[in-house]
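Contents: one structure, followed by commentary.
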Amino acid sequence: MSTRCRACPLHKLDQFESCTDDEIRVMERFKSGELTVEPGATLLLEGSNSPQLFTVLRGQGLRYKTLQNGRRQIINFVLPGDFLGLQAGIMREMQHSVEATTRMTLCVFNRADVFNLFKNHPRRAFDLTWIAATEEHFLGDALATVGQRTALERLCWAVVRLFMRAKALGMVEKSSFPFPYRQQDLADALGLSLVHTNKTLAKLRDRQLASWRDGRIHVMELETLAEIAETDPELPEPRPLM
């Protein structure tokens, strides 16, 4: 059964800004249904003209760009609450792909209705703009990480950022969070070779700062990881939920 917007479990989290009754009614009209996909399914394909946009209700995935030679750059790790397909909604064509890593449940919206949000519901339209601006900010931070941080600093930055995102979503249990990805995915995200990533993970484990086992990243010394990465272990600010 489709989840009513007013009963959405994500709305209970402090990570997401509260909505007025009118905004919830708007989203219930905007939502066209729900979709469940299995691991490995492609949700959005680079270069495609998708008629649908999605909000992740449950599950995890990957955003990535692919080069002509088949190599790929992981842009971000997809978590619940993420809004997918905005590029297709505005630019008519996706500039990256999105793939499910676990079983995922997604709220589905029709791309054709996006203009109506801007025309008739300016606050919801502003929320879409905020989401786009936040993604741009993250890409700038990620580019600075790949370009200027050492391998150890990159890995520490990634662990801290992912830990805080997971904590805001209530996904952290006993200082660990689910990370159902491959080492190659993490290497691709940080611009490292698989061998270099493996060796750097071993350093974190040997120093008892963090470890990755059984599909979860265990964080033992968050403050030290943040100090190495020269970043702050802060929860992400509350954001809109589409």
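Sequence positions, counted from 1, serve as the residue numbers for this chain. All values reported here derive from a predicted model rather than from experimental measurement.
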For the [atom1] atom of [X] and the [atom2] atom of [Y], what is their distance to the nearest 0.5 Å?
| X | Y | atom1 | atom2 | value |
| --- | --- | --- | --- | --- |
| Leu43 | Leu35 | CG | CG | 7.5 Å |
| Cys107 | Glu34 | SG | CD | 5.0 Å |
| Phe163 | Ser176 | CZ | OG | 8.5 Å |
| Gln52 | Leu44 | CD | CG | 9.0 Å |
| Asp113 | Lys119 | CG | NZ | 12.5 Å |

Surrounding [atom1] of [X] (heavy atoms of other residues, nucleotides or ligands, distance under 6.0 Å), is the total greater than 12?
| X | atom1 | value |
| --- | --- | --- |
| Glu230 | CD | no |
| Glu227 | CD | no |
| Phe126 | CZ | no |

Side-chain contact test, heavy atoms from C-beta onward, threshold under 4.5 Å: evaluate it for [X] versus [Y] and give yes or no.
| X | Y | result |
| --- | --- | --- |
| Phe30 | Val114 | yes |
| Phe109 | Met27 | yes |
| Arg213 | His218 | yes |
| Cys5 | Lys31 | yes |
| Phe54 | Val98 | no |
| Trp157 | Arg149 | yes |
| Phe177 | Lys167 | no |
| Leu84 | Leu106 | yes |

Under a single-linkage rule joining Ile, Leu, Val, Met, Phe, Trp and Tyr whose side-chain heavy atoms are separated by less than 4.5 Å, which residues share a cluster with [X]?
| X | result |
| --- | --- |
| Leu13 | Leu10, Phe16, Leu57, Leu79, Leu169, Met171, Leu241 |
| Phe115 | none |
| Val146 | none |

TODO: Name all pairs fulfilling the side chain to side chain donor-acceptor pair (under 3.5 Å) condition that reach into residues 125-138, sequence neighbours left out, sorted by first residue then second.
DONE: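 Matches after skipping sequence neighbours: Arg63-Glu135, Arg124-Asp127.
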Task: Residue pairs fulfilling side chain to side chain donor-acceptor pair (under 3.5 Å) with at least one residue in residues 7-16, sequence neighbours excluded - done: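 For residues 7-16: none.
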- [ ] For Leu143, enumerate each residue passing the side-chain contact (heavy atoms from CB on, under 4.5 Å) test, keeping only those at least two apart in sequence or located in another chain.
- [x]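 Checked Leu143 against side-chain contact (heavy atoms from CB on, under 4.5 Å); zero matches.
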Task: Those residues that, when tested against Thr36, pass side-chain contact (heavy atoms from CB on, under 4.5 Å) (two or more places apart) - done: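 With neighbours one apart ignored, the set is Arg103, Thr105.
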Verify same cluster id: [X], [Y] (apolar side-chain graph, 4.5 Å):
| X | Y | answer |
| --- | --- | --- |
| Phe138 | Phe83 | no |
| Ile24 | Leu128 | no |
| Met104 | Ile75 | no |
| Val78 | Leu62 | no |
| Val172 | Met220 | no |

Throw together a table of side-chain donor-acceptor distances under 3.5 angstrom for residues 194-209, partners on residues two or more places apart or in other chains.
{"residue": "Thr197", "atom": "OG1", "partner": "Ser193", "partner atom": "O", "Å": "2.9"}
{"residue": "Asn198", "atom": "ND2", "partner": "Gln183", "partner atom": "OE1", "Å": "3.2"}
{"residue": "Thr200", "atom": "OG1", "partner": "His196", "partner atom": "O", "Å": "2.7"}

For residues [X] and [Y], report the shortest heavy-atom separation together with the two atoms involved.
| X | Y | answer |
| --- | --- | --- |
| Gln60 | Pro180 | NE2-CD, 3.3 Å |
| Ala210 | Leu225 | CB-CD1, 4.1 Å |
| Val37 | Ala100 | CG2-CB, 3.9 Å |
| Cys156 | Ile228 | SG-CG2, 3.7 Å |
| Val160 | Pro233 | CG1-CA, 4.0 Å |
| Gly61 | Thr101 | CA-OG1, 3.4 Å |

- [ ] Provide the full list of salt bridge (charged side-chain N to carboxylate O under 4.0 Å, His left out) pairs with a residue in residues 175-186, sequence neighbours left out, each pair given once.
- [x]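 Salt bridge (charged side-chain N to carboxylate O under 4.0 Å, His left out) check on residues 175-186 returns Arg72-Asp185, Arg182-Asp185.
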- [ ] Using the salt bridge (charged side-chain N to carboxylate O under 4.0 Å, His left out) rule, collect all pairs that involve residues 232-242, keeping only residues at least two apart or in two chains.
- [x]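 Applying salt bridge (charged side-chain N to carboxylate O under 4.0 Å, His left out) to every pair that reaches into residues 232-242, excluding sequence neighbours, yields Asp82-Arg239.
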Open item on the list: Tell me whether Thr42 contacts the main-chain N or O of Glu99 through its side chain, where contact means a donor paired with an acceptor under 3.5 Å.
Closed with: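 The answer is no, because no donor-acceptor pair under 3.5 Å joins these two groups.
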Open item on the list: Is it the case that the side chain of Ser32 and the backbone of Val108 share a donor-acceptor pair, with hydrogens and angles ignored and the cut-off at 3.5 Å?
Closed with: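 Side chain of Ser32 to backbone of Val108, a donor-acceptor pair under 3.5 Å: yes, one is there.
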Task: Those residues that, when tested against Arg123, pass side chain to side chain donor-acceptor pair (under 3.5 Å) (two or more places apart) - done: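 Once residues adjacent in sequence are excluded, the partners of Arg123 under the side chain to side chain donor-acceptor pair (under 3.5 Å) criterion are Glu23.
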Task: Verdict with supporting geometry, Leu53 and Asn110, side-chain contact (heavy atoms from CB on, under 4.5 Å) - done: CA-CA 6 Å; Leu53 303 92; Asn110 290 323; over 6 Å; no
TODO: Could you tell me which residues satisfy ring-ring contact (aromatic ring centres under 6.0 Å, His included) with Phe77, sequence neighbours excluded, listed by chain and number?
DONE: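 Once residues adjacent in sequence are excluded, the partners of Phe77 under the ring-ring contact (aromatic ring centres under 6.0 Å, His included) criterion are Phe179, Tyr181.
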TODO: Walk me through it: do Met164 and Val159 pass the test side-chain contact (heavy atoms from CB on, under 4.5 Å)?
DONE: CA-CA 9 Å; Met164 300 312 296; Val159 170; over 6 Å; no
- [ ] Output, in order, the C-alpha distance, side-chain angles, deciding distance and verdict of side-chain contact (heavy atoms from CB on, under 4.5 Å) for Asp188 and Gln73.
- [x] CA-CA 5 Å; Asp188 289 345; Gln73 175 69 43; 5.8 Å; no
Open item on the list: If the threshold is 4.0 Å, N to carboxylate O, is there a salt bridge linking Asp141 and Arg161?
Closed with: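 Judged by the 4.0 Å cut-off on N to carboxylate O distance, Asp141 and Arg161 do form a salt bridge.
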